[in-house]
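Structure, as structure tokens:
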2 protein chains.
Amino acid sequence: IQGHKRFRRREFEFSLFSVPLDLLMDGYNPVESPTGSPKSFIYLVIASQIFGLLAVVLTAIWLGKFWGGFSWTDARTLFNYHPLFSVLGLVFLYGDSILVFRVFRSYRKLPVKILHAVLHILAFLFGVLGIKAAFDMHNALSIPNLYSLHSWLGITAIVVFGLQWIGGLIGFLVPQTPQIARSKLLPIHVTFGSFLYLLMIGVCISGIIEKNFFSKTYSVLNARELIGNLIGVVLVIFGGLIFYLTQHPNYRRIESVPPEIKSRK
Amino acid sequence: IQGHKRFRRREFEFSLFSVPLDLLMDGYNPVESPTGSPKSFIYLVIASQIFGLLAVVLTAIWLGKFWGGFSWTDARTLFNYHPLFSVLGLVFLYGDSILVFRVFRSYRKLPVKILHAVLHILAFLFGVLGIKAAFDMHNALSIPNLYSLHSWLGITAIVVFGLQWIGGLIGFLVPQTPQIARSKLLPIHVTFGSFLYLLMIGVCISGIIEKNFFSKTYSVLNARELIGNLIGVVLVIFGGLIFYLTQHPNYRRIESVPPEIKSRK
């Protein structure tokens, strides 16, 4: 909130990041411009965390209580780690990992980038472990692998996610990467990452539908299927909040003017 | 392409639109800034149209050849209008309706807005007609309505889409709406619209999965299920291209300087 009163450099800004192209404009103080209410930001962040945690908790209850619980040794319940880890990693942690650039938008960039990278690799590892659980179950019960649209999109998304992580590490955390390469890579990284995030939610929704169809009495809407549907709705609300918070220009990064620009005056 | 050489006003830009907040900066000519290759823009637009049309054609073949064809009188095949109209309206036309702000980014805004509104109402009408087909089939065959997550999300998305259209009409086409209200509404309209668009694709994917599951032999991956999966992949590629084209800052709207700003100098 304090940050709002600090100098905010006009920038050629992208969705989640900002690239200092218009260094000419360092004299412009946009205090009068509608920078939006920071209160709305805080409330929306809190709401996002409530819906994100709700999605994880509902998924744990859904699988733990209605689909036989969790086990590393029984093939049938081993599968249940797949939806749980996917929602925890690929939706909740992934979403929060994007959000750190907003929540810490008045902080120095490097530690925020590191946090982003750490949350993302955790998300990735949960995703991979969840996928392993699905394969192990399929193989143990001689169910064919990778036939559904859910699996096609999911496996593609996780591979691209891994490549995107490596690209981000080389592009934005290796100090040797030149600034010009960074500013070219940035909009691609951000656009790709945002799309991939929403794709992950779409993949989760298609997974919930598959799971609900496996119960054969979907249309009766027992508690089991009802909770499945509800998780889908909560995931969409969480995704929508993360998308709004990262896209709305009012919540963009606040930069203090670097000394080298000030000295140019 | 010509437009790239014209004066480009620095603006507080959002994803799809641009809001003239920093009128102070009208002397800044960012010819040297990396405005990206217009060639890449044209190729990506062509690619998007190929994938968009491919999605519509594949859906028509899928339902026409593998799911019994189309009929307004037979309840079973009446349903087939539902996926066809959804893909045509809620994905292809919706996507192109967003894209017009990029394709015609050096044109005057009003005709582009009208085109956007017309394409959107067409998309909406196709969506509603498709939903009616689904309800009519369900009712004729005594299948329960609105039990699946696909239907929950789909019905919500179409209602919000309708409200968003009315909000857009009042906000941006009624001349009486004051400029300050427009600039407050704009990021909400854009963010909401983009999210809704990707949600529509997610809903279509979940619908394809439902349809494939109804064929009972999904895991064998006959031509029927294979084409279903393929449509999902094409939809994601189309959605990704539209998202990239509308999000990447290089393809943003080119504004010539309005006379009233020039005269302020």
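So you know, we letter chains A, B, ... as the sequences are listed, proteins then strands, and number each from 1. Quick caveat: nothing in here was measured; it's all calculated off a predicted structure.
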Structural part of F214(B) lying under 4.5 Å from a heavy atom of chain A: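 Interface part for F214(B): side chain.
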Portion of F213(B) that has a non-hydrogen atom of chain A nearer than 4.5 angstrom: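 Side chain of F213(B) only, per the 4.5 Å heavy-atom cut-off to chain A.
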Within 6.0 Å of CZ in F51(B), more than 12 heavy atoms from elsewhere: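 Check fails, neighbour count at 12 or below.
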Within 6.0 Å of CZ in F192(B), more than 12 heavy atoms from elsewhere: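 No, not enclosed.
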Gap separating the CG atom of L146(A) from the OG atom of S219(B), nearest 0.5 angstrom: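 One finds 12.5 Å between CG of L146(A) and OG of S219(B).
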May I have the list of side-chain donor-acceptor pairs in residues 226-242 of chain B shorter than 3.5 Å, sequence neighbours left out?
from	atom 1	to	atom 2	distance (Å)
N229(B)	OD1	L149(A)	N	3.2
N229(B)	OD1	N212(B)	ND2	3.2
N229(B)	OD1	Y218(B)	OH	2.7
N229(B)	ND2	Y147(A)	O	2.7

Which atom pairs, one a donor and one an acceptor, fall under 3.5 Å between side chains of residues 200-209 of chain B and the rest of the protein, sequence neighbours left out?
from	atom 1	to	atom 2	distance (Å)
S206(B)	OG	H150(B)	ND1	3.1
S206(B)	OG	V203(B)	O	2.7

Considering all heavy atoms, the nearest I188(B)-Y244(A) contact: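 Closest pair (atom of I188(B), atom of Y244(A), distance): CG1-OH, 3.5 Å.
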